[in-house]
Amino acid sequence: AQTVTQSQPEMSVQEAETVTLSCTYDTSESDYYLFWYKQPPSRQMILVIRQEAYKQQNATENRFSVNFQKAAKSFSLKISDSQLGDAAMYFCAYRSFGNEKLTFGTGTRLTIIP
Amino acid sequence: AAGVIQSPRHLIKEKRETATLKCYPIPRHDTVYWYQQGPGQDPQFLISFYEKMQSDKGSIPDRFSAQQFSDYHSELNMSSLELGDSALYFCASSSPPSGGGSKPDTQYFGPGTRLTVL
């Protein structure tokens, strides 16, 4: 079974600065997807970014980018120019290519300091 | 853009009662997923449906059942409710490989139904 580990329960960053959230996973598969979801106080689960394992290029979405290291099974999220609205719980998630369910990490709570 | 709709948003039930949660996927999405998120926990996969057939099953109690209807909406039926069933229940949907207007193989979540069992 696949497992996802987020070793940072809490992180904080000064507004306008850059922060990196860590995620590692364990799998024996070669094809899979990785995602970062954001859960603000409203509890809505919002897709931030996704990465296909077969793509070597790191995904980017505006101020959000990932550092995908397939051999190391690492998938970190970098948030540039942090904004107050980025404050949320961030979940890393794994999805097998042939299996539909998402397996989530335990989350990292990000605080933005004004 | 249209999002996943869940109803009701909040539900309060007594122990041993039943509850029905409804989910309306994003238009043209053919797969629906249900997740349970307990307080301070990450979401746990319960069950999924593709084209009205159960496609995958996770840690769903036998007291729970679900189905997907011809219009692709889904319902999660929960019976003999226990205190431990109090949680946030998410529905998510995804599109076919053609995309259907959103990224394929990507699950988009609804706002959730907060179930409280007293």
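Worth knowing before you read on, the calculation uses all heavy atoms, side chains too, and leaves out hydrogens, waters and symmetry mates. Order of the sequence lines sets the chain letters (A, B, ...), proteins ahead of strands, with each chain counted from 1.
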Chemist: Take atom NZ of A:Lys78 as the centre, draw a 6.0 Å sphere, and report whether it contains more than 12 heavy atoms from other residues, nucleotides or ligands.
Modeler: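 Atom NZ in A:Lys78 is not packed in, count stays at 12 or less.
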Chemist: Counting heavy atoms not belonging to B:Asp71, are there more than 12 under 6.0 Å from its CG?
Modeler: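 Counting other residues, nucleotides and ligands, CG of B:Asp71 exceeds 12 neighbours.
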Chemist: Is atom CZ of A:Arg109 surrounded by more than 12 heavy atoms (other residues, nucleotides or ligands) closer than 6.0 Å?
Modeler: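 Counting neighbours around CZ of A:Arg109, 12 or fewer heavy atoms of other residues, nucleotides or ligands fall under 6.0 Å, so no.
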Chemist: Taking a hydrophobic cluster as the set of Ile, Leu, Val, Met, Phe, Trp and Tyr residues connected by side-chain heavy atoms closer than 4.5 Å, whether directly or through intermediates, do A:Leu21 and A:Val13 fall within one such cluster?
Modeler: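 Shared cluster, yes.
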Chemist: Could you go through the side chain to side chain contact (heavy atoms under 4.5 Å, CB included) check for A:Phe35 and B:Gln107 one step at a time?
Modeler: CA-CA 10 Å; A:Phe35 304 86; B:Gln107 296 179 25; over 6 Å; no
Chemist: Return the OG to NZ distance between B:Ser59 and A:Lys101, rounded to the nearest 0.5 Å.
Modeler: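 So the gap between those two atoms works out to 7.5 Å.
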Chemist: Checking B:Tyr33 side chain against A:Leu102 main chain: does a donor-acceptor pair fall under 3.5 Å?
Modeler: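 It does not hold such a pair.
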Chemist: Is B:Lys22 atom NZ crowded by more than 12 heavy atoms from other residues, nucleotides or ligands, each under 6.0 Å away?
Modeler: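 Open: at most 12 neighbouring heavy atoms sit under 6.0 Å from NZ of B:Lys22.
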Chemist: Counting only non-hydrogen atoms closer than 4.5 Å, does B:Gln41 touch chain A with its backbone (N, CA, C, O), its side chain (CB onward), both, or neither?
Modeler: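 For B:Gln41, the contact with chain A is made by the backbone alone.
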Chemist: Nearest 0.5 Å please: distance from the OH atom of A:Tyr37 over to the CG atom of B:Asp42.
Modeler: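 Reported value, rounded in 0.5 Å steps: 13.5 Å.
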Chemist: Flag the pair B:Pro43 / A:Phe91 as yes when at least one side-chain heavy-atom distance between them is below 4.5 Å, and no otherwise.
Modeler: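 When only atoms from C-beta onward are counted, A:Phe91 and B:Pro43 do touch, with a gap below 4.5 Å.
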Chemist: Measuring only between side-chain heavy atoms, which start at C-beta, is A:Gln39 closer than 4.5 Å to B:Gln37?
Modeler: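 With C-beta onward as the side chain, the pair touches.
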Chemist: So, A:Phe104 versus B:Phe45, ring centres under 6.0 angstrom or not?
Modeler: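 That pair fails the under 6.0 Å test.
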Chemist: Does CD belonging to A:Gln56 count more than 12 external heavy atoms closer than 6.0 Å?
Modeler: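 Not more than 12 within 6.0 Å, no.
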